[in-house]
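Chain letters run A, B, ... following the sequence lines, proteins first, then strands; residues in each count from 1.
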Amino acid sequence: MPELPEVETVREGLERHVVGRTVESVTVLHPRPVRRDLRGPAGFGAALTGRRFIAVRRRGKYLWLPLDSGDALLGHLGMSGQLVVQPPGSPDERHLRVRFVLSRSVEDRAQRASRDHVHGPVELRFVDQRMFGGLSISDGGAELPPEIAHIARDPFDPAFDEDLFVGRVRRRTAGIKRLLLDQTLISGVGNIYADEALWRAELHGERSGDRLRPIQVRRVLAEARAVMRAALVQGGTSFDALYVNVNGESGYFDRSLHAYGRESLPCDRCGTPIRRVEFMNRSSFFCPRCQPVPRVRRVPPRD
DNA sequence: ATCGCGACCTGGTTGC
DNA sequence: TGCAACCAGGTCGCGA
């Protein structure tokens with residue numbers, strides 16, 4: 001379940017191993033992951049062949065790789081996506097969907113020789129069991145793909161506007177968890193870190209945005225930052241070399257979770273069993289004592 | 001504009 | 001042992 005920390009870990013890996021390389025060939029093994037690209041699988045591959053990756057950027061859970069053409073390769077990992085860098089010839093992953101064979105230019109080889117000892121071709125592979133994720137080419141999207149212009153800045157973006165976020169949350173009637181998951185308000189937060197941030201802030205996810213004090217919104221934002229920062233530090237150390245993992249490192253971080261996935265286990269603060277409830281067709285975990293359900297029930301408007 | 005829900009996907013796990 | 005139901009959840013699109 002890649003959220004911001006996992007995606008940032010992938011970004012760093014790609015920056016190290018893919019930037020500067022040129023696309024020699026592209027093989028789309030399943031059409032679904034490139035469904036958003038109107039060129040179709042063949043056109044997608046043709047448009048990328050011969051292009052060079054010049055950077056890797058991220059906003060929230062989206063990644064994009066600006067190309068030497070001014071366009072960009074835009075990607076989202078969805079629920080189960082991975083981007084891995086492998087030596088050519090290594091066995092295909094079970095759910096390999098797209099393969100990019102990358103070469104390294106002579107000038108780039110000289111430039112980066114001290115940072116990266118892999119000189120031969122490598123493969124960038126998009127692996128995705130459930131295929132909620134995808135790749136597409138964003139025309140002119142090097143700076144910021146227009147497809148994701150509606151996504152808010154994430155809390156690690158230096159230009160993230162905290163006052164703006166607080167103001168927008170406090171004008172909304174939806175529960176704070178739903179608002180944390182709204183990528184147009186704040187990006188990068190998913191179900192796991194939303195629950196963790198709320199546990200740390202001692203707020204129930206159903207508390208309406210417009211009934212929260214500014215300091216409470218600031219608190220949950222600070223906790224979201226803190227928990228994602230901690231995950232990022234751990235995730236960043238869980239791989240090196242060529243293998244850029246997405247799912248693997250969440251296992252490391254499991255041990256640091258206080259709410260998510262801990263149904264019936266004692267709250268680490270007060271010992272009360274953690275509760276699990278259905279929410280938005282998924283699960284929410286919270287401590288019923290530290291995070292009391294709001295007294296005034298939010299009722300959806302009738303008629 | 002905002003809210004809240006269902007659809008999209010696959011495969012590992014659970015229960016009968 | 002076999003099979004079906006359930007569960008994981010990010011994002012989009014829709015109706016209200």
Could you state the [atom1]-[atom2] distance from [X] to [N], rounded to the nearest angstrom?
{"X": "Met131(A)", "N": "dG10(C)", "atom1": "CE", "atom2": "P", "value": "18 Å"}
{"X": "Arg168(A)", "N": "dC3(B)", "atom1": "CZ", "atom2": "P", "value": "11 Å"}
{"X": "Tyr193(A)", "N": "dA8(C)", "atom1": "OH", "atom2": "P", "value": "17 Å"}
{"X": "Arg130(A)", "N": "dA7(B)", "atom1": "CZ", "atom2": "C1'", "value": "12 Å"}
{"X": "Ile192(A)", "N": "dG10(C)", "atom1": "CD1", "atom2": "P", "value": "7 Å"}
{"X": "Gln82(A)", "N": "dT10(B)", "atom1": "CD", "atom2": "P", "value": "17 Å"}
{"X": "Leu135(A)", "N": "dG10(C)", "atom1": "CG", "atom2": "C1'", "value": "15 Å"}
{"X": "Arg59(A)", "N": "dT11(C)", "atom1": "CZ", "atom2": "C1'", "value": "17 Å"}

Which residue lies more 5' along DNA chain C, comparing Gln129(A) with Ile151(A) via nearest heavy atoms
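The answer here is Gln129(A).
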
Measure up the Trp199(A) and His258(A) rings against each other and bin them: parallel (under 30°), tilted (30 to 60°), perpendicular (over 60°).
parallel

The criterion is side-chain contact (heavy atoms from CB on, under 4.5 Å); which residues satisfy it with Ala47(A), sequence neighbours excluded?
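Here the qualifying residues are Arg39(A), Ile137(A).
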
Identify, with sequence neighbours excluded, every residue that meets side-chain contact (heavy atoms from CB on, under 4.5 Å) alongside Asp182(A).
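side-chain contact (heavy atoms from CB on, under 4.5 Å) check on Asp182(A) returns Arg172(A), Thr184(A), Leu185(A).
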
Can you confirm whether Pro273(A) sits close enough to Cys267(A) that some side-chain heavy atom of one is under 4.5 Å from a side-chain heavy atom of the other?
no

Residues from residues 275-288 of chain A lying under 4.0 Å of DNA chain C - heavy atoms
Arg276(A), Arg282(A), Ser283(A)

Which nucleotide in the set dT10(B), dC8(B), dT11(C) lies at the smallest distance from any side-chain heavy atom of Tyr62(A)?
dT11(C)

Just compare dG10(C), dG4(B), dC12(C) and give me whichever is closest to any side-chain atom of Arg36(A).
dC12(C)

Check the phosphate of [N] against [X], side-chain N and O only, distance under 4.0 Å to OP1 or OP2. Yes or no?
{"X": "His76(A)", "N": "dC12(C)", "answer": "no"}
{"X": "His95(A)", "N": "dG11(B)", "answer": "yes"}
{"X": "Thr173(A)", "N": "dC3(B)", "answer": "yes"}
{"X": "Arg178(A)", "N": "dG4(B)", "answer": "yes"}
{"X": "Gln183(A)", "N": "dT11(C)", "answer": "yes"}

Does a side-chain N-to-carboxylate-O contact under 4.0 Å join Glu223(A) and Arg219(A)?
yes

Sequence neighbours excluded, which residues qualify as salt bridge (Lys or Arg N to Asp or Glu O under 4.0 Å) partners of Arg59(A)?
none

If you link ILVMFWY side chains whenever their heavy atoms are less than 4.5 Å apart, which other residues fall into the same cluster as Met131(A)? By chain and number, please.
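Result for Met131(A) is none, singleton.
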
Counting any heavy atom closer than 4.0 Å, what does Arg171(A) reach on the DNA or RNA strands: base, sugar-phosphate only, or nothing?
nothing

Is His150(A) touching bases, backbone alone, or none of the nucleic acid, heavy atoms closer than 4.0 Å?
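Sugar-phosphate: the residue His150(A), judged by heavy atoms under 4.0 Å, touches backbone atoms but no base.
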
Sequence neighbours excluded - ring pair (Phe, Tyr, Trp, His ring centres under 6.0 Å) pairs with any residue from residues 263-287 of chain A
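Sorted result for residues 263-287 of chain A: His204(A)-Phe286(A), Tyr260(A)-Phe285(A).
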
Tell me which pairs pass ring pair (Phe, Tyr, Trp, His ring centres under 6.0 Å) where either residue lies in residues 79-98 of chain A, with sequence neighbours left out.
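Listed once each, the pairs would be none.
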
Who passes ring-ring contact (aromatic ring centres under 6.0 Å, His included) against Tyr62(A), sequence neighbours left out?
His76(A)

Five pairs per end, C1' atoms only: what is the angle between the end axes of the helix from dT2(B)-dA16(C) to dC16(B)-dG2(C), to 10 degrees?
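Roughly 50°, once rounded to the nearest ten degrees.
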
